[in-house]
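Right, one structure below, let's go through it.
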Protein chains: 4
Amino acid sequence: MNSAVIDKREKILKAALNLFTERGFHNTPTSLIAKEAGVATGTLFHHFKNKEELINRLYLDLKKQKMNALIEAVDETASLQEKLKSMWINGVQWGIMHPKEFQFVMQYSNSPFISHLTKEQAMGEYQSTFCLFEQAISDGLIKPAYPEFVADYFEGIFNLAVSHFRKYPEKISEENLDLAFDMCWNGIARVLES
Amino acid sequence: MNSAVIDKREKILKAALNLFTERGFHNTPTSLIAKEAGVATGTLFHHFKNKEELINRLYLDLKKQKMNALIEAVDETASLQEKLKSMWINGVQWGIMHPKEFQFVMQYSNSPFISHLTKEQAMGEYQSTFCLFEQAISDGLIKPAYPEFVADYFEGIFNLAVSHFRKYPEKISEENLDLAFDMCWNGIARVLES
Amino acid sequence: MNSAVIDKREKILKAALNLFTERGFHNTPTSLIAKEAGVATGTLFHHFKNKEELINRLYLDLKKQKMNALIEAVDETASLQEKLKSMWINGVQWGIMHPKEFQFVMQYSNSPFISHLTKEQAMGEYQSTFCLFEQAISDGLIKPAYPEFVADYFEGIFNLAVSHFRKYPEKISEENLDLAFDMCWNGIARVLES
Amino acid sequence: MNSAVIDKREKILKAALNLFTERGFHNTPTSLIAKEAGVATGTLFHHFKNKEELINRLYLDLKKQKMNALIEAVDETASLQEKLKSMWINGVQWGIMHPKEFQFVMQYSNSPFISHLTKEQAMGEYQSTFCLFEQAISDGLIKPAYPEFVADYFEGIFNLAVSHFRKYPEKISEENLDLAFDMCWNGIARVLES
DNA sequence: AATGAATGAGCATTCATTCAT
DNA sequence: CATGAATGAATGCTCATTCAT
């Protein structure tokens, strides 16, 4: 009983994810989502107050999944640089293996469809990661550029790398993932004077 | 009369740019564009076959403007690195001074609203720039990563930099522009062993 | 258990009365009635076949209450004029003390939501009162206008008086109730030549 | 051209009047109004911002018609009582000849569908009539009951009379109209002591 | 009896596009 | 070329009612 209920909710979210990434938010009728989910139109509105709540709910769920993927199995005893690299690799792999989820989160991060409140909630999950950058700067591990830029930069290249590997799947290899991280990192890292 | 005609066409394009960036394509009725442009609803369809043609036309115009801004006043006799830096700085400055135009081009570059044909035409403008990267790689000026990644990387960080400066306008300064380029470049540049 | 059942039924009727008078029939979802009654949506349909039956049932209940209020404690030995005045005063007082109930009965008396059958049943209760008018006419107590008009007139002014006192509660006083009846009555009563 | 435009607007208003009085506001889909008016659904919303504006517009139009009917051809030189009687007779005749219009105005006068603003505008038209009552009271022509009640009373019986004659059309005659007015009036008029 | 998730027909409203003037 | 009234398919959302538990 309960599982059937959750099932429908999940099916709606899944269908919404597929359709939103394929067709965009405004070009995806709720009726189509319901149809794709194998559910009546009214059912969608039983689970989500309206279309906007659906998209916000979806965004929050996926953002959380992404963040969980980042920190999964990161060796707590490793060095800061190694931690960041692990997270980067984890994240890129998650992005490659969950293309829709990744695209959705990236595409709607700056979208007006996502409410301010949702963005704040999502940002909360990000906080712990952000601390790592601050620490890396104070440790002298990375360039002393102001932290806002570092954060934008890091996430930007991260997204860029995933997008790239989705565009050229044949380029995916451990070597190229390392290369991508290296290009990112050597743009941040303090160049040690010899 | 002729100038009045051009006027209306321009006004429509201008209104469309403002509205598309503020509200998105699907959330911008043609009637609103017409109203904002001070023109009758029918007039829009005299100048553009339909809404899609309008957006494609707009995209192409702006992409061309952006490309022209890049190569403007680049010293032909300068070194390759200096040329690339000039273009970068030019581009970032254009992006800062034309926020709507920049956002529109970036936002819709990967959008399904832009037809394949339009994208190809736009890509044509990019060709000459792309050559510079190939040359830079073969010159040993930048890392021998495969050129597709370099191109994505370069453009990605470029967009990232502009977005960043739009988010934090108080950070705009010659110094920070240089810093941004430096962070980009030292992620690409071969690190010379001492 | 049985009392709990009755309780729910009563709660539904009570909630329906409040909501129907505040928002109208069509603007009151059954789900809202259920919610306001503290009951599941399905429960409403256990007690009433459908929304229409609910409203008809409610109408009949309230009409009966109103009629009972009219004849309550009327002195059987009093004169006809005194009886009618007692009923009038009783009725106005009931209307003042049961504003929702009064409004509902008045509002839906001519409404298509109330079925023909229901109206006839309700009219049955009215019959005995109607006889009084016929008698009053034949007694020469009131003007020899045809009885249909007298009945409409009497009830019309009655409703009017209640509505008036609900609009201006500060005007409620024994004196003004008498005044209202007097205005009603002297429009009916044969003016005796001196 | 212009006449065609007005035509459609008028047709919509007319269809709306018929349907609203027959089926009520909430039970009348805009699609049905459009259909009945021989017009596309969109056309309705071209002329009226939404359903609510349509009903408010309609109310205002009809209220104005009713008021105009009241004061039409009233002899300015006649006595106050004669003036009021003329208006009463005019009004009842208008109500009889325009049953839908009359019912609509009466039915929605106290309805929440009519906005406060609309009611105020409509009340404005009523002002001059209201003055007549004040004058009649100060002239000692009618009972010195407080004017709010007199106004409610007068209008109430007026509506009542029209409703009555619509229910019993066979009772319509000059004689009965006079009778109805007489019953109204002798409930107001000061009974002169002999 | 009671529950509340599910249903899907129905509704108000929007909007790209047309076309007579 | 320009206008803007008219169109009607499409869409987000509501709600009375059902039914498995």
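Just so it is clear: chains get the letters A, B, ... in the order the sequence lines come, proteins before strands, and each one is counted from 1. Because only heavy atoms are used, hydrogens play no part in the values below, and waters and symmetry mates are left out as well, while side chains stay in.
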Interatomic distance where [atom1] belongs to [X] and [atom2] belongs to [N] [whole Å]:
X: A:K51; N: F:dT14; atom1: NZ; atom2: P; result: 14 Å
X: D:N50; N: E:dT14; atom1: CG; atom2: P; result: 8 Å
X: D:L32; N: E:dC11; atom1: CG; atom2: C1'; result: 12 Å
X: D:R9; N: F:dG4; atom1: CZ; atom2: C1'; result: 16 Å
X: B:I12; N: F:dT3; atom1: CD1; atom2: C1'; result: 12 Å
X: D:I33; N: F:dG8; atom1: CD1; atom2: C1'; result: 17 Å
X: A:N27; N: E:dA16; atom1: CG; atom2: P; result: 12 Å
X: D:K11; N: F:dA5; atom1: NZ; atom2: C1'; result: 14 Å

Notebook entry, point to check: Closest to the C:P29 side chain: F:dC15, E:dT7, E:dA2?
Noted result: F:dC15
Checklist line | Selected nucleotide, minimal atom distance to C:A40 side chain, candidates F:dT17, E:dA16, E:dG4 | finding: E:dG4
Next item on the list: Evaluate the salt bridge (charged side-chain N to carboxylate O under 4.0 Å, His left out) criterion for residues C:K100 and C:E22: first the C-alpha distance (whole Å), next the side-chain angles of each, then the deciding distance (0.1 Å), finally the verdict.
Entry: CA-CA 9 Å; C:K100 301 271 171 115; C:E22 275 164 25; 2.9 Å; yes
At less than 3.5 Å, do the side-chain atoms of [X] and the base atoms of [N] form a donor-acceptor pair?
X: C:H46; N: E:dA1; answer: no
X: C:T41; N: E:dA5; answer: yes
X: B:S31; N: E:dA16; answer: no

Presence of [X] side-chain N/O under 4.0 Å of [N] phosphate oxygens OP1/OP2:
X: D:K8; N: F:dG4; value: no
X: C:T30; N: F:dC15; value: no
X: D:H26; N: E:dA12; value: no

Margin query: Heavy-atom nearest nucleotide on DNA chain F for A:T28 versus D:V39: which residue maps closer to 5'?
Written below: D:V39
Item checked: Test of ring centre spacing under 6.0 Å for A:H26 and B:F25 ->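 No: the rings miss the under 6.0 Å criterion.
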Note to self: If you assign A:G38 and B:F25 each to the DNA chain E nucleotide with the nearest heavy atom, which residue ends up on the more 5' nucleotide?
What the structure shows: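 Its nearest nucleotide being more 5', the pick is A:G38.
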Checklist line | 5′-ward residue of the pair D:E52/C:L44 relative to DNA chain E | finding: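 The residue closer to the strand's 5' end, by nearest nucleotide, is C:L44.
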Notebook entry, point to check: Watson-Crick or G-U wobble partner for F:dA6, using a 3.5 Å limit on both distances?
Noted result: E:dT17
Checklist line | E:dA1: pairing nucleotide in any strand, Watson-Crick or G-U under 3.5 angstrom | finding: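 The answer is none; no pair meets the criterion.
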Checklist line | C:K51 side chain to C:F45 backbone, donor-acceptor under 3.5 Å | finding: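 Between the backbone of C:F45 and the side chain of C:K51 there is no qualifying donor-acceptor contact (under 3.5 Å).
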Check: Okay, side chain of A:S109, backbone of A:V105: is any donor-acceptor separation there less than 3.5 Å?
Finding: yes
Next item on the list: Keeping to residues at least two apart or across chains, list the salt bridge (Lys or Arg N to Asp or Glu O under 4.0 Å) pairs with something in residues 113-124 of chain C.
Entry: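 Listed once each, the pairs would be none.
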Notebook entry, point to check: So D:F20 and D:Y108, would you call those rings parallel, tilted or perpendicular, with 30° and 60° as cut-offs?
Noted result: perpendicular
